Protein chains: 2
Amino acid sequence: MVERTDALLDRFTRYLRDRRLPVTSQRVLVAKAVFASAEHPSAESLQRALGRRGERVGTATVYRTLDLLVESGLVRQHDFGDGFRRFEPVSGRAIHEHLICQRCGRVVEFTNDRLERMLEIIADEHTFLHRRHRVEVYGLCSDCRGRDAAALSSTVSR
Amino acid sequence: MVERTDALLDRFTRYLRDRRLPVTSQRVLVAKAVFASAEHPSAESLQRALGRRGERVGTATVYRTLDLLVESGLVRQHDFGDGFRRFEPVSGRAIHEHLICQRCGRVVEFTNDRLERMLEIIADEHTFLHRRHRVEVYGLCSDCRGRDAAALSSTVSR
DNA sequence: TTGCCTGCAAAGTATTTGCATAACA
DNA sequence: TGTTATGCAAATACTTTGCAGGCAA
């Protein structure tokens, strides 16, 4: 976990140095916060997480650093439709997509090679150069599914 | 084209009546505008389209009507990452996904049954109840791909 | 008539930008 | 020392909300 964070941080500082950009303490802090997060944090949640540890970083800086991280390819950007962006370190893991519970907001990841290949072929068939894609499945997770079924059986109609 | 619009409008007015909601002229205007659009209009483009025809509808009403249309299931909502929502009538067509050109913004639709089925199976494997999904492939359309290749060959490096 | 709708303007939310100051290389 | 970053606050862009007056059923 920590080694993954360190490795990614290393790649980020190298990315900055390569283009003569200063490696500031704020950039390192924000990068660390994203790399260490297991969830899919928002800009605000990252800033709050830092604040809780007594590390004060301005909002604009958080956003600007996240842009850099996305540009560097070390962080993926998502929009699950809650009105704000979410971020996620690429880490060494395979490309994966998301299942999103519309009830509790839980996000579960899944990988499927056949799916990935299929999308590249589809792009090709439409003379598109495939660069990236986004697959999101919305529904109910098992917990919420059970809760809904229970609520349903306690009522006669509707 | 017009018949499709009429059929959808009919379903929308029925939807409203079913829940005792007034069928106002503004609602009909907004609904017609969405149903008749071939593209993936935004709230603002719909309002402007109406304005051009001399039909003045308030911004809030446009948004409120679009919400109703989405709720009714007659309109699909998208977020292609340009900072605003886009809308699209479901019409009678099959479910389809989108290829989005990152250069010119062109959106091409495609359908693929195998893909649709695969996503339902994946949801099931993760004990999720599949409700809907979104698949977006980002890349370059053939036109922009050609333009990029031309630009590349006219320069030696970079 | 009654309840829901409409338009306006103000508020809200996430994100971006301008600018004086501060930190990195 | 010269860039480039930072933080603050103001600006932005889309969308939502509050409210007084106006229609649909």
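Being a predicted model, the structure only gives us computed values, none of them experimental. Residue numbers begin at 1 in each chain, while the letters A, B, ... track the order of the sequences.
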Trainee: Ring of B:Tyr138, cation from A:Arg131 - is the NZ or CZ under 6.0 Å from the centre and inside 45° of the axis?
Mentor: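 No; the conditions do not both hold, so A:Arg131 does not lie above the ring face of B:Tyr138.
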Trainee: Taking the side chain as everything from C-beta on, heavy atoms only, tell me whether B:Arg134 gets closer than 4.5 Å to B:Asp79.
Mentor: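 B:Arg134 vs B:Asp79: side chains touch.
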Trainee: For A:Gln26 and D:dA5, is the shortest distance between a side-chain N/O and OP1 or OP2 below 4.0 Å?
Mentor: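 Checking A:Gln26 against D:dA5: no side-chain N or O falls below 4.0 Å of OP1 or OP2.
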Trainee: Just to be sure I understand the rule, does A:Arg56 reach a base, reach only the sugar-phosphate, or reach nothing, if contact means heavy atoms closer than 4.0 Å?
Mentor: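 Contact class for A:Arg56: sugar-phosphate only.
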Trainee: If you assign each of B:Ala43 and A:Arg20 to its closest nucleotide in DNA chain D, which residue comes earlier from the 5' end?
Mentor: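 That would be A:Arg20.
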Trainee: For B:Phe84, which contact category applies under a 4.0 Å heavy-atom criterion: base, sugar-phosphate, or nothing?
Mentor: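 Answer is sugar-phosphate: B:Phe84 comes under 4.0 Å of backbone atoms only.
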Trainee: Can you measure A:Leu69 atom CG to D:dA5 atom C1' for me and round it to whole angstrom units?
Mentor: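 So the two atoms are 15 Å apart, to the nearest Å.
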Trainee: Starting at atom CD of B:Glu44, determine the distance to atom C1' of D:dA13, rounded to an integer number of angstrom.
Mentor: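 Rounding to the nearest Å, CD of B:Glu44 and C1' of D:dA13 are 10 Å apart.
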Trainee: Considering only D:dT6, D:dT17, D:dG7, which nucleotide approaches the side chain of A:Thr24 most closely?
Mentor: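 The nucleotide sitting nearest to the side chain is D:dT6.
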Trainee: Just the rounded figure in Å: distance from P of C:dC4 to CZ of B:Arg17.
Mentor: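 Interatomic distance, CZ of B:Arg17 to P of C:dC4: 17 Å.
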Trainee: Which of parallel (below 30°), tilted (30 to 60°) and perpendicular (above 60°) describes B:His98 and B:His96?
Mentor: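 B:His98 vs B:His96 ring planes: perpendicular.
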Trainee: What's B:Arg85 touching, base or sugar-phosphate or nothing? Going by heavy atoms closer than 4.0 Å.
Mentor: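 Since only primed, P, OP1 and OP2 atoms lie under 4.0 Å of B:Arg85, the category is sugar-phosphate.
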Trainee: In terms of side-chain heavy atoms of B:Ala60, which of D:dT15, C:dA9, D:dT6 is nearest?
Mentor: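 Comparing D:dT15, C:dA9, D:dT6 against the side chain of B:Ala60, the answer is C:dA9.
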Trainee: Provide, to the nearest angstrom, the distance between the CZ atom belonging to B:Arg64 and the C1' atom belonging to C:dC4.
Mentor: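 Atom-to-atom, B:Arg64 to C:dC4, this comes out as 11 Å.
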Trainee: Return the value, rounded to whole Å, for the distance between atom CG of B:Leu66 and atom C1' of D:dC14.
Mentor: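 Taking atom C1' of D:dC14 as the reference, CG of B:Leu66 is at 13 Å.
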Trainee: Give the rounded distance in Å between these two atoms: OH of B:Tyr63 and P of D:dA13.
Mentor: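 Between P of D:dA13 and OH of B:Tyr63: 13 Å.
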Trainee: Which nucleotide sits closest to the side chain of A:Leu21: C:dC5, D:dC8, D:dA5?
Mentor: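 Of C:dC5, D:dC8, D:dA5, D:dA5 is nearest to the side chain of A:Leu21.
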Trainee: Side chain to side chain donor-acceptor pair (under 3.5 Å) for A:Glu120 and A:His133? Distances and angles first, verdict last.
Mentor: CA-CA 9 Å; A:Glu120 292 186 21; A:His133 57 247; over 6 Å; no
Trainee: Tell me the interatomic distance from B:Asp67, atom CG, to C:dT6, atom P, rounded to whole angstroms.
Mentor: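 From B:Asp67 CG to C:dT6 P: 12 Å.
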Trainee: For the residue pair B:Phe80 and B:His40, does the interplanar ring angle fall in the parallel (under 30°), tilted (30 to 60°) or perpendicular (over 60°) class?
Mentor: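 It falls in the perpendicular class, over 60°.
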Trainee: Find the distance A:Arg27:CZ to C:dC24:P and express it as a whole number of Å.
Mentor: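 My rounded result for the distance is 11 Å.
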